[in-house]
Amino acid sequence: MNVHIQTSTVRVFIALAPPDEAKEELARELRPAYEAYPGMRWNRIEDWHITLAFLGELPVATVPLLRPPLAELAAARRPLELALGGGSHFGERVLWSGIEGDLEGLHRLAADVRTVVKECGIAFEDRPLRPHLTLARSRRNDPTSAVEAAAGLAAFTGRPWQTDRLHLVGSNFGRGPGPIHYRDIEAWKFAGTG
C-alpha cells in the first residue's frame, strides 16, 4: 500500500524580544522615516526581535526536541540588560537598529543557544552574531531609502531594558503572498540569579 506522507516544515529561529516600551520608543523615533519612505517594506513592530540563532526550515516534528533544553537554559540564566541604539544598514537595502548594553552576555547567550541546537542534532548555518533589530527593507529599485533612514537613526539612544524571555519563533505560518508573520512556538522566562 502506497501512503504519501507530506513532510511539513516551519522556518524557525531563537530570539529575544524587546519589551513594548522599548519598541514604542524606537517607533516614535522612526515616525519621520515612516512618512519619508513609505515605499520601504517596514517590519511590524510586534515582530521586532533580536535573532540569536536562525535555524531555517525544520520538519515540524523536530521542533519539540528543542523545548526541554531551551527551557533549562532560560531557567538557569539571569536577564540581560540591553538597549536599542543607533541605526545602520546591511548593503543598501536592510535598515536596522543596533543593540547596546551587556553585549558580552548576549554573545555568551547566543553561543549557549547554538550549542543546545547542535546537541539536539539540528544542523544550521552558524553565522557570527551581529546583534541588531531589523526594521525594514527597501525595494530593489530603491538604493537610498535604507541608507537615509539609517542616518536619521544614528543618534538614537533607547532606554535600557531587561530581557524577559527566550523565544522559540516560527515564521511564515500560513505561507502565502504578503508580509512574513512570526509567532512564538514557545517562550521561557529567564529565571537564573547568577
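Keep in mind that what you see is a predicted model, and the values were worked out from it rather than measured. Numbers here simply count residues along the sequence, with the first being 1.
One hydrophobic cluster holds both Leu55 and Val60 under the rule that ILVMFWY side chains link at heavy-atom gaps under 4.5 Å. Note on Ile99: it does not cluster hydrophobically with Phe90, by side-chain heavy-atom contacts below 4.5 Å among ILVMFWY residues.
Put simply, CG on Leu65 and CD on Glu119 are 13.0 Å apart, with the number rounded to the nearest 0.5 Å. Summarising the geometry, atom CD1 belonging to Ile14 is positioned 6.0 Å from atom CG belonging to Leu168; distances are rounded to the nearest 0.5 Å. Here CZ of Arg11 is found 8.5 Å from OG1 of Thr9. Values are rounded to the nearest 0.5 Å. The structure places CG of Leu70 at 10.0 Å from CZ of Arg67, a figure rounded to the nearest 0.5 Å.
With 3.5 Å as the limit, one finds no donor-acceptor pair spanning the side chains of Trp48 and Glu46. Of the N and O atoms on the side chains of Thr115 and Asp112, not one donor lies less than 3.5 Å from an acceptor on the other residue.
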*Residues Asp164, Phe190; criterion side chain to side chain contact (heavy atoms under 4.5 Å, CB included); working and verdict*: CA-CA 6 Å; Asp164 183 40; Phe190 290 109; 5.8 Å; no
*Determine, stepwise, if the pair Trp96 / Ser88 fulfils side chain to side chain contact (heavy atoms under 4.5 Å, CB included).*
CA-CA 6 Å; Trp96 53 269; Ser88 192; 3.3 Å; yes
*Any chance you could lay out the side chain to side chain contact (heavy atoms under 4.5 Å, CB included) test for Ile122 and Lys118, step after step, and finish with the verdict?*
CA-CA 5 Å; Ile122 297 170; Lys118 290 172 188 165; over 6 Å; no
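Taking every heavy atom of both residues into account, Leu135 and Ser97 meet most closely at CD1-N, 3.8 Å. When all heavy atoms of His49 and Asp47 are compared, the pair lying nearest together is ND1-O, 2.7 Å. Across Leu30 and Trp42, no two heavy atoms sit closer than the pair CD2-CZ3, 4.1 Å. What you find for Tyr34 and Ala27 is that their closest heavy atoms are CE1-O, 3.9 Å. The shortest heavy-atom contact between Glu25 and Thr157 is OE2-O, 4.4 Å. The minimum heavy-atom distance linking Leu133 with Pro18 is given by the pair CD1-CG, 4.1 Å.
For the pair Leu109/Leu16, a side-chain contact is recorded, criterion being any heavy-atom separation below 4.5 Å from C-beta on. With contacts defined as side-chain heavy-atom distances shorter than 4.5 Å, the pair Cys120/Pro69 qualifies. With contacts defined as side-chain heavy-atom distances shorter than 4.5 Å, the pair Thr134/Leu95 does not qualify. Considering only heavy atoms from C-beta on, Glu186 comes within 4.5 Å of Trp188 through its side chain. No side-chain heavy atom of Val169 sits less than 4.5 Å from a side-chain heavy atom of Ile185. With a 4.5 Å cut-off on side-chain heavy atoms, Leu106 and Leu129 count as touching. Considering only heavy atoms from C-beta on, Val116 stays 4.5 Å or farther from Glu72 through its side chain. Between Phe124 and Val12, every side-chain heavy-atom pair lies at or beyond the 4.5 Å cut-off.
Between Arg93 and Asp142, no side-chain nitrogen of the basic residue sits less than 4.0 Å from a carboxylate oxygen of the acidic one, so the salt-bridge criterion is not met. Comment: Arg108 engages Glu104 in a salt bridge, judged by a side-chain N to carboxylate O separation of less than 4.0 angstrom. Ion pairing between a basic and an acidic side chain is recognised when a charged N comes within 4.0 Å of a carboxylate O; Arg78 and Asp102 show such pairing.
Under the 3.5 Å distance criterion, the side-chain polar atoms of Arg114 are matched with a main-chain donor or acceptor of Leu52. In this structure, Trp161 contributes its side chain and Asp20 its backbone to no donor-acceptor pair below 3.5 Å. Checked by atom type and distance alone, the side chain of Arg137 never pairs as donor or acceptor with a backbone atom of Met40 at under 3.5 Å. Within the 3.5 Å criterion, the main-chain N or O of Tyr182 finds no donor-acceptor partner in the side chain of Ser171. At least one donor-acceptor pair under 3.5 Å links the side chain of His132 to the backbone N or O of Arg130.
Residue Glu148 qualifies as enclosed at atom CD: its count of foreign heavy atoms under 6.0 Å is above 12. Around the CD atom of Gln162, the shell of radius 6.0 Å holds more than 12 heavy atoms that belong to other residues, nucleotides or ligands.
The distance between the ring centers of Phe13 and His167 does not fall below 6.0 angstrom.
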